[in-house]
Colleague: 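This structure is in structure tokens; I'll ask about it shortly.
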Amino acid sequence: MTENSTIQKIGWNFDNSYSRLPELFFSKQNPTPVQAPKLSIVNAPLAASLGLNPETLQDENGVAVLAGNQIPEGAFPLAQAYAGHQFGHFTMLGDGRAVLLGEQITPAGERVDIQLKGSGRTPYSRRGDGRAALGPMLREYIISEAMHALGIPTTRSLAVVTTGETIMRETDLPGAVLTRVAASHLRVGTFQFAARWGTIEDLRALADYTLHRHFPEVDADDSRYLSLLREVIKRQASLIAKWQLVGFIHGVMNTDNMAISGETIDYGPCAFMDTYDPATVFSSIDVQGRYAYGNQPVIGLWNLTRFAEALLPLLHDDEDQAVALAEDALAQFNKMLYRHWITGMKAKLGIVNEEEQDESLIKDLLTMMQKYRADYTNTFRALTFGKPEETALFGTDEFAQWHTNWQARLERQPESKESVHELMRSNNPAVIPRNYRVEEALDAAVEHGDYSVMERLLDVLSRPFAHLPEHAAYCSLPDPSGLPYRTYCGT
Ligand code: AMP
Ligand code: MG
């Protein structure tokens, strides 16, 4: 049997539509082979859904592909060019440590990017080594899979392999490659790149490509580029509302980390909020709180405004009219996000019909949660089960009064107690990737080669709405250590 036919048995089925864009948008780039690839973790259900054989994916040839040591047939490895505003400053970026192998066409006929992250230097690496460390790649694996289980659009993680090489950060760390699966890796920054360095034809080619790939339903519209803007705004409003509803803090919402598809992308310093506080920031470098929990909607709109700016030449020949159209579309964002958010918040409280005071009922609860430093996830979980635990919040008269109002509110809708409970159960996760649990899993895997802690965590996180008694240990809070949790970008 030839090597290629062995590889084919894995089920790779590539097309490479991105490589047919103007050359400006990428550099042909193979991954750099690594010394001693070894599989850390593989996502068998995801593999199967992609049409890949989870067994052969794990054998020597399969792992060689996941490490970048072998190029599967039909792939066209490339590094994508893009720009972006990082903490408000515009820069040329691009895949500095990733290559797109190609687009896998799944048995269901879907097209998804298969990207190796940590696969070596590219023309866009600047001073970076093109590599990634095992800990952060496993962290992306855990959190992206948790997000998926929470029903939040996200890139997925197919596998992590260690490279057998050491990479230098503040200390020496084991190197790893993550295989990321995404609807695409088109970013706001890809459009900024086209607008800044491409011709109008390049920009148009990118917009046409995006419409065809992600928004076929508006591709034939008369004002299709305006439709593109509107659709991207719509998806981001929905996405960011979902983040807010579960307390997810992305941590580095630069425009290059905002996917046009509406998926959450680039899990760097992200983390879930414990104590409810809109000012929560975990990232060590976000000293000004630009990407704080409560600021995510504002930044979402800021990023979309950069997207609209990039699209202006396509919106109208007359610049003033183009700006007016863009402003009009952008003005919808806050309204859409608010609608998603209020609907989601009401569902978390079991409310289905409309009343004028619903917003104040929700805001009163959040204000008390902030005042009494209540845990975001556990507060809603306790309300779902009607068994407020012993917390600072639940013991107060303020809360008792609010609870009475809330119960009276529930009486003013026709739903039975059972259906209210069901609605709340399916909107209030029991388990989120608590920071201390994630750290514990990473420590066991990275420091001791013990993946059992992570496997167990992944299993629990895959059923966040199951509310199983055996998951109780994953709902509890860490022992107060006095030190705030910090995440780092130096991944
Ligand atoms: P991120 O913070 O992961 O969104 O990365 C921002 C930019 O830095 C992207 O262009 C990355 O490709 C690049 N980058 C991050 N880490 C490295 C690295 N170790 N080597 C080369 N480029 C990197
Ligand atoms: Mg990025």
Side-chain angles (χ1 to χ4, degrees), residues 39-50 54 134-160 176 178-182 239 242-251 263-275 280 282 293 344 348 375-382 384-385 424-446 450-478 485 487 491:
L39 190 67
S40 281
I41 189 153
V42 67
N43 191 334
L46 177 61
S49 76
L50 296 175
L134 177 60
M137 295 305 99
L138 293 177
R139 195 166 188 279
E140 170 155 350
Y141 188 112
I142 296 169
I143 300 185
S144 64
E145 289 306 302
M147 291 287 274
H148 173 71
L150 286 163
I152 300 176
T154 176
T155 63
R156 304 281 309 270
S157 298
L158 179 63
V160 175
L178 168 80
T179 305
R180 178 156 76 177
V181 179
L239 178 68
K242 289 190 163 109
W243 292 355
Q244 301 305 94
L245 288 166
V246 297
F248 173 76
I249 303 169
H250 183 285
E263 286 182 343
T264 311
I265 193 170
D266 253 328
Y267 291 87
C270 65
F272 280 71
M273 174 170 66
D274 296 311
T275 308
T280 307
F282 291 111
Y293 170 75
K348 285 170 86 64
D375 181 81
Y376 183 76
T377 306
N378 283 353
T379 299
F380 285 101
R381 190 172 60 94
T384 303
F385 291 92
M424 291 183 69
R425 267 181 83 108
S426 57
N427 281 278
N428 293 313
V431 278
I432 51 160
R434 297 243 175 226
N435 300 317
Y436 79 105
R437 286 287 182 191
V438 173
E439 292 303 318
E440 173 185 275
L442 294 180
D443 184 65
V446 177
D450 171 9
Y451 281 78
S452 64
V453 184
M454 176 165 161
E455 298 277 6
R456 170 84 182 125
L457 177 62
L458 286 168
D459 179 56
V460 173
L461 290 172
S462 73
R463 287 172 293 163
F465 301 104
H467 298 279
L468 299 173
E470 62 265 36
H471 289 179
Y474 291 83
C475 304
S476 50
L477 303 178
Y485 187 66
T487 57
T491 56

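What you see below is based on every heavy atom in this structure, not just the backbone, and it leaves out hydrogens, waters and symmetry mates.
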Colleague: Hey, does Leu461 have a side-chain heavy atom less than 4.5 Å from the side chain of Asp459?
Modeller: no

Colleague: Specify the closest pair of heavy atoms between Ala445 and Leu138, including all atoms of both residues, with the distance to one decimal.
Modeller: CB-CD1, 3.8 Å

Colleague: Is the shortest side-chain heavy-atom distance between Val438 and Met454 below 4.5 Å?
Modeller: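 The answer is no; the side chains never approach within 4.5 Å.
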
Colleague: Can Tyr376 and Thr275 be counted as having a side-chain donor-acceptor contact under 3.5 angstrom?
Modeller: no

Colleague: For Leu442 and Ile142: C-alpha separation, side-chain torsions, deciding distance, then whether side chain to side chain contact (heavy atoms under 4.5 Å, CB included) applies.
Modeller: CA-CA 9 Å; Leu442 294 180; Ile142 296 169; 4.0 Å; yes

Colleague: Using modelled atom types only, decide if a donor and an acceptor are shared between the side chain of Arg139 and the backbone of Gly268 within a distance under 3.5 Å.
Modeller: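 Yes; at least one donor-acceptor contact below 3.5 Å.
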
Colleague: Is there a donor-acceptor contact under 3.5 Å from the side chain of Tyr485 to the main chain of Phe282?
Modeller: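 No, Tyr485 side chain to Phe282 backbone: no donor-acceptor pair under 3.5 Å.
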
Colleague: Is there a donor-acceptor contact under 3.5 Å from the side chain of Glu145 to the main chain of Ser462?
Modeller: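 Checking the backbone N and O of Ser462 against the side chain of Glu145, no donor-acceptor pair under 3.5 Å is found.
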
Colleague: Could you tell me which non-hydrogen atom of Pro269 sits nearest to which non-hydrogen atom of Thr487, and how far apart they are?
Modeller: O-OG1, 2.7 Å

Colleague: So, taking the atom named OH in Tyr436 and the one named CG in Leu477, what distance separates them when rounded to the nearest 0.5 Å?
Modeller: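 The CG atom of Leu477 is 7.0 Å from OH of Tyr436, to the nearest 0.5 Å.
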
Colleague: Below 4.5 Å, heavy atoms only, C-beta onward: do Ile41 and Glu455 meet side chain to side chain?
Modeller: yes

Colleague: Heavy atoms only: give me the nearest Val453-Ala441 pair and the separation to one decimal.
Modeller: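 For Val453 and Ala441, the tightest heavy-atom pair comes out as CG1-CA, 3.8 Å.
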
Colleague: Ignoring hydrogens, what is the shortest heavy-atom contact between Ala146 and Pro433? Give both atom names and the distance.
Modeller: CB-CG, 3.6 Å

Colleague: With sequence neighbours excluded, tell me which residues meet side chain to side chain donor-acceptor pair (under 3.5 Å) with Arg437.
Modeller: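 Partners of Arg437 under the side chain to side chain donor-acceptor pair (under 3.5 Å) test: Glu440.
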
Colleague: Strictly distance-based, threshold 3.5 Å: is any side-chain N or O of Asn378 a donor or acceptor partner for the main-chain N or O of Cys475?
Modeller: yes

Colleague: Report the distance from atom CG of Asn43 to atom CG of Leu158, rounding to the nearest 0.5 Å.
Modeller: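 If I round to the nearest 0.5 Å, the distance is 6.5 Å.
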
Colleague: Under the side chain to side chain contact (heavy atoms under 4.5 Å, CB included) rule, what do Tyr293 and His250 come out as? Steps first, then yes or no, please.
Modeller: CA-CA 8 Å; Tyr293 170 75; His250 183 285; over 6 Å; no

Colleague: Test of understanding: with side chain to side chain donor-acceptor pair (under 3.5 Å), list the residues that count as partners of Thr179, not counting sequence neighbours.
Modeller: none

Colleague: Is there a side chain to side chain contact (heavy atoms under 4.5 Å, CB included) between Leu457 and Arg434 once you walk through the steps?
Modeller: CA-CA 10 Å; Leu457 177 62; Arg434 297 243 175 226; over 6 Å; no

Colleague: Measure the CG-CD1 distance between Asn435 and Ile143 for me, rounded to the nearest 0.5 Å.
Modeller: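 Spacing of CG (Asn435) from CD1 (Ile143) equals 7.5 Å.
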
Colleague: If we count only N and O atoms by modelled type, under 3.5 Å, do the side chains of Lys348 and Asn427 hold a donor and an acceptor together?
Modeller: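 Per modelled atom types, Lys348 and Asn427 side chains form no pair under 3.5 Å.
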
Colleague: About how many Å separate CZ of Phe248 and NZ of Lys242, when rounded to the nearest 0.5 Å?
Modeller: 14.0 Å

Colleague: Would you confirm whether Thr264, through its side chain, and Pro153, through its main-chain N or O, come within 3.5 Å as a donor-acceptor pair?
Modeller: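 Answer holds: yes.
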
Colleague: Has the side chain of Arg156 got a donor or acceptor atom that lies under 3.5 Å from a matching backbone atom of Tyr141?
Modeller: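 No; zero donor-acceptor contacts below 3.5 Å.
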
Colleague: To the nearest 0.5 angstrom, please state how far the CD atom of Glu140 sits from the CE atom of Met147.
Modeller: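 Answer rounded to 0.5 Å: 11.5 Å.
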
Colleague: With distance as the sole test, does His471 use its side chain to make a donor-acceptor pair with the main-chain N or O of Ala430 at under 3.5 Å?
Modeller: no

Colleague: Which heavy atom of Leu150 sits nearest to which heavy atom of Val431, and what is that distance?
Modeller: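 Smallest heavy-atom distance, with atoms named: CD2-O, 4.4 Å.
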
Colleague: Any non-hydrogen side-chain atom of Arg180 less than 4.5 Å from a side-chain atom of Ile265?
Modeller: yes

Colleague: Side chains of Thr154 and Ser144: any donor to acceptor distance under 3.5 Å?
Modeller: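 The criterion, which ignores hydrogens and geometry beyond distance, is not satisfied for Thr154 and Ser144.
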
Colleague: Between Phe465 and Ala149, what is the shortest heavy-atom contact and its length?
Modeller: CE1-O, 4.1 Å

Colleague: Rounded at 0.5 Å granularity, tell me how far CD1 in Ile432 sits from CZ in Arg381.
Modeller: 10.5 Å

Colleague: When you compare the side chain of Ile249 with that of Phe272, does any pair of heavy atoms fall below 4.5 Å?
Modeller: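 Counting from C-beta outward, Phe272 and Ile249 never come under 4.5 Å.
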
Colleague: Within the distance-only criterion (no hydrogens, no angle test), does the side chain of Asn428 pair as donor or acceptor with the backbone N or O of Met424 below 3.5 angstrom?
Modeller: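 The answer is yes, because a donor-acceptor pair under 3.5 Å joins these two groups.
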
Colleague: Can a donor-acceptor pair be found between the side chains of Thr155 and Tyr267 at a distance below 3.5 Å?
Modeller: no

